[in-house]
Amino acid sequence: MTLTKQQVREVLDVYIQAWEGQDPDLICTIFTEGASYHERVMGEPIRGRDGIRDYWQTKVVGTQANITCELLNLYLDDGTAIAEWEATFDDTAQQVRKRMREVALLTFDGSQIDSLREYWASEVVELSQATLPRGVPPLGKQGTPNGQ
């Protein structure tokens, strides 16, 4: 069976649903049992569904909130997909709101991801109200009060 762009899009729809819904069990449904997940490509990959579930429980559920994500581009070449998306979320550990742009390289075994490598950058778009002294407005997009 040849993997189609529509099948990849459906898998990525589940990925986004799992991320926005902070659902470690759902994310595991789109990975093979022995999948590898490189959140930081220069480090060791996270291995297997249990490792991916643990990572998502710690990272996505434990340190993110109010997540939105949009798939921007998708390319497919013989079982390897390249996806680009943009997400915004509250980083609860750093108490800031971030915007992230990511490119992921995904290889498939059938209709499941066997390997995912992320390349991303993020920026702070505003400080959490919880971290600001009383009377100080949040930072705007330019890093100044109210974006001025």
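Since we're looking at a predicted model, the values are computed, not measured.
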Test item: [X] side-chain N/O and [Y] main-chain N/O as donor-acceptor pair under 3.5 Å:
{"X": "Lys98", "Y": "Asp90", "answer": "no"}
{"X": "Asp91", "Y": "Ala93", "answer": "yes"}
{"X": "Arg99", "Y": "Ser122", "answer": "no"}

In terms of side-chain heavy atoms, does [X] have a donor or acceptor partner in [Y] at a distance below 3.5 Å?
{"X": "Tyr37", "Y": "Glu118", "answer": "yes"}
{"X": "Thr32", "Y": "Asp114", "answer": "yes"}
{"X": "Thr68", "Y": "Thr88", "answer": "yes"}

May I ask you to test the [X]-[Y] pair for a side-chain heavy-atom distance under 4.5 Å?
{"X": "Asp23", "Y": "Gln17", "value": "no"}
{"X": "Val11", "Y": "Leu106", "value": "no"}
{"X": "Glu86", "Y": "Met100", "value": "no"}
{"X": "Glu84", "Y": "Arg101", "value": "yes"}
{"X": "Thr29", "Y": "Gln112", "value": "no"}
{"X": "Leu71", "Y": "Ile16", "value": "yes"}
{"X": "Gln64", "Y": "Thr92", "value": "no"}
{"X": "Trp120", "Y": "Arg40", "value": "yes"}

Grab the two heavy atoms, one from [X] and one from [Y], that are nearest each other, plus how far apart they are.
{"X": "Leu3", "Y": "Gly79", "value": "CD2-CA, 4.1 Å"}
{"X": "Glu20", "Y": "Cys69", "value": "OE2-N, 2.7 Å"}
{"X": "Ala35", "Y": "Ile52", "value": "CB-CD1, 4.1 Å"}
{"X": "Ser36", "Y": "Arg47", "value": "CB-NH1, 3.9 Å"}
{"X": "Leu74", "Y": "Ala83", "value": "CD1-CB, 4.3 Å"}

Under 4.0 Å between a Lys/Arg side-chain N and an Asp/Glu carboxylate O for Arg97 and Glu126?
->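 No salt bridge links Arg97 with Glu126.
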SB check Glu39 Lys59 (cutoff 4.0 Å) |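 Answer for the salt bridge query: yes.
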How many angstroms lie between atom [atom1] of [X] and atom [atom2] of [Y], to the nearest 0.5 angstrom?
{"X": "Gln57", "Y": "Asp25", "atom1": "CD", "atom2": "CG", "value": "8.5 Å"}
{"X": "Cys28", "Y": "Glu33", "atom1": "SG", "atom2": "CD", "value": "9.0 Å"}
{"X": "Asn66", "Y": "Gln22", "atom1": "CG", "atom2": "CD", "value": "8.0 Å"}
{"X": "Ile82", "Y": "Tyr119", "atom1": "CD1", "atom2": "OH", "value": "10.0 Å"}
{"X": "Glu102", "Y": "Trp85", "atom1": "CD", "atom2": "CH2", "value": "4.5 Å"}

[X], [Y]: one ILVMFWY side-chain cluster at the under-4.5 Å cut-off?
{"X": "Leu26", "Y": "Ile30", "answer": "yes"}
{"X": "Leu12", "Y": "Leu105", "answer": "no"}
{"X": "Val103", "Y": "Trp19", "answer": "no"}

Can Thr2 and Asp78 be said to form a side-chain contact (heavy atoms from CB on, under 4.5 Å), step by step?
-> CA-CA 8 Å; Thr2 302; Asp78 191 34; over 6 Å; no
Using the benzene-type ring in the case of Trp, are the ring centres of Tyr15 and Trp56 under 6.0 Å apart?
->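 Between Tyr15 and Trp56, the centre distance is under 6.0 Å.
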With side-chain contact (heavy atoms from CB on, under 4.5 Å) as the test, would you mind laying out the steps for Phe108 and Thr80 before giving the verdict?
-> CA-CA 6 Å; Phe108 284 78; Thr80 299; over 6 Å; no
